[in-house]
Structures are given as structure tokens and as C-alpha cells.
Number of protein chains: 2
Amino acid sequence: MAETPGVVRITDVAALAGVSPSTVSKALNDTGSLRPATRARVREAAERLGFVPDATARSLSARRSFTVGLLSTDSAGRFSLPVVLGAENALVGGQISALLATARHDPVREQHHVRSLVARRVDGIIVTGRTVDPRPPIHVPMPVVYAFAPSQDPDDASVVPDDAAGMRAVVAHLLSLGRRRIAYVGGRGDQLASTVRHDALVDALGEHGLQRAGDPLYGEWSERWGRLAVDLLLGDHRPGDPPPFDAVAFASDQLARGGCDRLRDRGIRVPEDVAVTGYDDWDVMALASRPPLTTVDPQLERLGQRAAELLLAAIDGHPSHGVETSPPRLVVRASTMGDG
Amino acid sequence: MAETPGVVRITDVAALAGVSPSTVSKALNDTGSLRPATRARVREAAERLGFVPDATARSLSARRSFTVGLLSTDSAGRFSLPVVLGAENALVGGQISALLATARHDPVREQHHVRSLVARRVDGIIVTGRTVDPRPPIHVPMPVVYAFAPSQDPDDASVVPDDAAGMRAVVAHLLSLGRRRIAYVGGRGDQLASTVRHDALVDALGEHGLQRAGDPLYGEWSERWGRLAVDLLLGDHRPGDPPPFDAVAFASDQLARGGCDRLRDRGIRVPEDVAVTGYDDWDVMALASRPPLTTVDPQLERLGQRAAELLLAAIDGHPSHGVETSPPRLVVRASTMGDG
DNA sequence: CGGTACGAGGAAATCGGATTCCTAGTTTCC
DNA sequence: GGAAACTAGGAATCCGATTTCCTCGTACCG
């Protein structure tokens, strides 16, 4: 089909099949009442000409575009990317295309994108962000689902990772290994990703009559801070002495990787002396760490898929409201289980 | 504007302004001949009603959708993602939206997406891939630009990173530091990213009458292989002895980071004894490495932008052909320059 | 055998703007 | 003062597919 003189229209198919355009439409969409022979003839003609119905025309008369917007606050980074991919994946199944719109933290850009999506009459919008901290809602005349970063309006539909469950799983795992003195190292203290995980850890320990070892530490989300935090936790610990904790739960794989490195530097064995856990299951960190990290996979693609499902349901007239959590998955590796 | 009873149409604006729909169209698009007062009245009416012209209707009559497809062979991973973002960014300037389509290495999915994009009458398509290895072209009745992964058809328009230039810059930098015995560690030997960089290194050395130190090594794109490769390069080197090379050019930041770690393990100082360079400028690797890596930033966002520019030109009737290279940028850090 | 019912397929309206064409004023100029 | 020129704005057409409404023809039934 190298020679495409112009694009094939329904009238071309109609002419070739010797029927009217309306008959072609009915034949290809399995509507109306037509003789099987006619349907077949039209189908063959469409096939021969490589007819692909014009979606813009279809959208116009259907009053919907079979398109949804994926509005990402940031530049589709490490967290929103999997969410976007999961969503896109789920949408394809529903014969729906995804319009990508990245705001790059610029409210003006975001507003511009929102207007553009509205103008394109998208059937719905999925909004994602860089953090799990609630964000201002957008106001548009179509369904919206917030993924990862929930809406500040509790009546909006949001899907967020269940960080509390993830950290509880970590604690349960560590306790099952006999660890009792568990320390915590977070990232930025002003972000829920740090505080929610901390609070869940404290709660889970409390249920077993235990307390967190040492003070919670907050810093930046970097390996450097992970190393530094280990120094702070160890204080004036000397090689050979038993450390004042037998496990450290880090709030990210980056922190945990840095932490592992520093523990090793200080002559402390992981996991024999101290078990280490990360969070995010970011392969380049969790697998490259020495030892590889036991961590929590937030299953963000699945979260994105779920958001898409909720959106499709809303488009279909079944809107949901409130915040739904998406379950994480504990991934056990050598940093807690010897050479497991 | 909480109450949006239905969407506002051009006739609603016309009614409010007391004019005909065609006049509204002319007023808002600055066409036709209207009195300034009329234009203003229409504008105000449109503003008041929050009128946003239906892009699907506009597309239908304009015979173009003001939309381009971003077709990604893989799941928009580490390499295609920046390309996609750069492209999306450049498109926004042209009032064009981006339809995201990820094929996930599945030819069936890819075909499905291509059909969908054609049906939606996208004005053009940008195709990206996971590697710089040439890929089969797609056949569609609209302009296509291949970004990162070029088309196998040399007549198609492609934009690829100039890896040879990147590696030449690395060599020039190392030579300027007085290094003369430069070794090379690649990733997978069956990928151009490994071989092109190697050949460029050998050529650049040759221009100065130098040869590569040791044999080129190929393996997987991992930190582990970076460490292993260093062991292979060192052979039976003993601590204290001068190593058989004074610099190692790695084909990726991951390899380089692993290499740095192993060099340090073996008691070799970076950069004093051996200078190390990476490739990609992947922040979580290049900055977290000890020491931080001198590396090459392929400027993939810029590459994506360039691809978008070429596509917009092609849509505008000025198609380009052949492979265009996008320049990289050398980023100097401590792994070659002391504590610079 | 005539009338009703149903099946097949075509004609026409519709979706919402853009654009072309046309008409009614107004102005200009002879 | 009347014709030509121009202007502002409205009416009609178009984009391409869907869908509703009709019509025509055949089969069935009393």
C-alpha cells in the first residue's frame, strides 16, 4: 500500500462495494439490518482500500473523543512515569488513546494543558504528581481521577499507594526475623512519604509492645543522606561493639543503599549484624546495592491501571469518590535474609 | 464555573452576543471583516460563557488534528522518556498535543497503535526506541521522524545522539589531563551504543598516535559488570603497583560507578591513579558515584525537541531526510579532575 | 389475492465549527 | 442624484462518519 493517493473515505468504500455510505457504516459497525452477503462485500471493499474511519469525524458525532488526558504535574519522573504507563496500558484495552500533558510544576503550563484537554473533549483525565502529598483539584466538565498524588478535595476520586501497609509489612518481616531494635531513616520530613511510613512503623512496633530504636531522622532523598544518617545512628560506635540497633528501615532504596555502604564501611555486617530495608523497589538501586535490598514495591503500574479503571467506570456513568489505596508488595532480598 | 449544564457551543455565544455563529467564528479567529466593537462584544460573550471551541469539530473541517503521535517501542524507559518529554515540550509551543503510544516491544501492539494514530489523523508521528540500533520503519500516510533509534531506511528522517562526538570529547579531555593509557569497557557488544563509542575512542586515540590500553571488554549494562571488568583489566595487579592503565572510559554511568567501586576496593585511587569516565549523565549514578563521574550528557531532551522541530517542519511541507546527529555535552566531575 | 409485516438499504439530518459566498447598507465619486 | 465600490455580517456549504427516518420490495397470512 505504498501509493496512498489521499486518505480513503467511507464514500470510496461505498462506491467500490456498490452501496451507500450509510450501508458501509452499518456493515463495518455491525449495526442496522443488512444481508450477510452485503456485509461481507463491504468488509472486503474496506479491506482492499485499507479504509480506516476518521476518528475526528466519529468523535464529532459521538460527542466524545475516546481519548483521555494524562496530566502529570512533573515531567513524568520516576514515580509518575510508571503510573502513566499503567494507565495508558489499561486504556488501550478500552480502545482509548492517551493524550500526554506534562506541566513541569508550572501552574501556567498546567492551566494551558487543562484548557487544551477540555477543548479536545477528552472523555476524562488522570492527574498524577511527583509526591503523594495532596494537590489542588482541577475543575473540568468531565470525570477526573487523581493517581499517586490525591486531590485535596476528599470527594474527588483518588488512588494512592498504601504506604502504611508497606511499612507494616516491613516491620512484620523484620520482627519475624527476630529483630527488635528497629531504627528509621526518612527522606524529606515535610513529605508524607517520609512521615506516613514513619508513623506506620511506630504503630506496628507499638502493637507488639516495642519502640523505635533511636530518633527518626529526616534529610534529603539521596544516598549521601543515607550514609550520613547511619553515622548519626551509630554515634560513637566502635568496630566490634554491637550496634545500638539490629535493623534499619529506610524510606527509600536510595537511602538504604547509601546506608548499606556506610554500615559496611563501619565494619558492620548486613544483614548479620543489622538488617536493612528500602522502599520503592527501584531496580537500579535495590539490585545494585550490596547486598541487594529487601524493599517494598508500591506497584505503581498497577496503581495507574486501577486509576484508569476507575476513570473508565466514571466515563461509563459510574463515578467513584474518595481515596482508594493500592496495595504494595514486600520484596525480600539479601539485605534481611542472608544470601537468600 | 461550577455549574456547567452542558458544554458551551458557538451558537450559545452567538445568541448572547446577538450575532450569527459565523460572526463568532470570525471574531474569535481574527478573520473576516468585522467592526472592532462587534469583535469585542463577541469576545466578551465567549469569555462570559467560558466558551472553548470543540477541537474535534475544528479538526474535522481543518482536515488535521493538531495532534502528533509519540510512538515508543519500549515502555518509555530511561532513554526514550527524555526524548518523549523533549518532543512533547516542543510541540506544546506549536499548539499541538501529543498522543502517547507505547508498544512494549510487541509488534502487534505497535501495529495496533499505528492504526489508531492513523485513524486519529495525527499530523505526524515521532518514533522512539530503547537503543540507538536502527529499527524497521513504519508506513503511514503522514510525516514520521525517528528519534534516538533511527529508521533502517536511510531516506527517512532520523535524529540520533552523536555518540562518536561524545567519546571523542572524553578522549580529548583525558588526553588534556595527561592520560595516555586509556582502557575501554562497553556494555552489550551487540549494541551500537557499545561499539560506536569504542570505535570513536580508538579513532581519537589513533589521531594522536596512541592505542587503547588492553582489550575492549563487553558485557551487560550493569554495575556488576563494571566491577568485573575492572578485575579483568587489572589482572593479577597487586596493591601498590601502578596499574596497567591510567584511565578507563566506560560506556555507561552504571558501568563506571561499578568500576569506581571496584578500583577503590582494589586500593587504586580515582582519579589520582586512574581517571574514570561514564556515559549518559544519569544523575542517580553519576552524582552518587564515589567520586562523582565525569560523563557525557547526550542531551536527549534536546534531541527530542529537535525531532519535534523536524516533524513540525515536515507537517508544514518541509520534510527532511536522512540521519541528523544531536550533539552531546561533556560534564566534568571529580572522577577525572581531583575534587573539582 | 389483497393487505400487513418485515427486511434491506438508501436519503437526509446531525455533530460543531470554519469558510465561502452573498446580501443589504453605507460611502464615494462623477 | 445615481452608479460603483466597499463593508459588515448573515446564510449556506463543507468536513466524514453515524444514525434516524423512509421507502421499496418481498414474504406471509387471512
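A note on names: the letters A, B, ... follow the listed sequences, proteins ahead of strands, and every chain is numbered from 1. If you're wondering where the values come from, they're calculated on a predicted model, not measured in any experiment.
Rounded to whole Å, the distance from CD1 on A:Ile10 to C1' on C:dA12 is 15 Å. Between B:Asp54 atom CG and D:dG16 atom C1' there is a gap of 15 Å when expressed in whole angstrom units. Summarising the geometry, the separation between CZ on B:Arg39 and P on D:dA8 is reported as 9 Å, rounded to the nearest angstrom. The distance between atom CG of A:Leu34 and atom C1' of C:dG10, rounded to the nearest whole Å, is 11 Å. Computed from coordinates, the A:Asp12 CG to D:dG16 P distance equals 10 Å when rounded to whole Å. For B:Arg58 and C:dA18, the CZ to C1' distance is 9 Å, given to the nearest whole Å.
B:Thr38 comes within 4.0 angstrom of the backbone, heavy atoms only, and of no base.
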Q: Go through the steps for B:Thr102 and A:Glu88 under the test side chain to side chain donor-acceptor pair (under 3.5 Å), then give the verdict.
A: CA-CA 8 Å; B:Thr102 65; A:Glu88 192 247 3; 2.7 Å; yes
Q: Output, in order, the C-alpha distance, side-chain angles, deciding distance and verdict of salt bridge (Lys or Arg N to Asp or Glu O under 4.0 Å) for A:Glu301 and B:Arg104.
A: CA-CA 14 Å; A:Glu301 283 220 19; B:Arg104 305 187 173 219; 3.5 Å; yes
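Between B:Arg63 and A:Asp54 no salt bridge is recorded (no basic side-chain N to carboxylate O distance below 4.0 Å). A salt bridge links B:Arg306 with B:Glu309: at least one charged nitrogen is closer than 4.0 Å to a carboxylate oxygen. A salt bridge between B:Asp153 and B:Arg135 is absent, with no side-chain N of the basic residue lying under 4.0 Å from a carboxylate O of the acidic one.
Judged by distance alone, the side chain of A:Arg120 and the main-chain N or O of A:Ser65 form no donor-acceptor pair under 3.5 Å. Checked by atom type and distance alone, the side chain of A:Asp316 never pairs as donor or acceptor with a backbone atom of A:His318 at under 3.5 Å.
OP1 or OP2 of C:dG9 has at least one side-chain nitrogen or oxygen of A:Arg35 nearer than 4.0 Å.
In this structure, a donor-acceptor pair under 3.5 Å is present between the side chains of B:Asp74 and B:Ser72.
Counting heavy-atom neighbours within 6.0 Å of B:Arg115 CZ, excluding the residue itself, gives a total of 12 or less.
Residues from residues 20-32 of chain B placing a heavy atom under 4.0 Å of any atom in DNA chain C, listed by number, are B:Ser22, B:Ser25, B:Lys26, B:Asn29. For the segment residues 59-68 of chain B, residues with any heavy atom less than 4.0 angstrom from an atom of DNA chain C are, sorted by number, B:Ser61.
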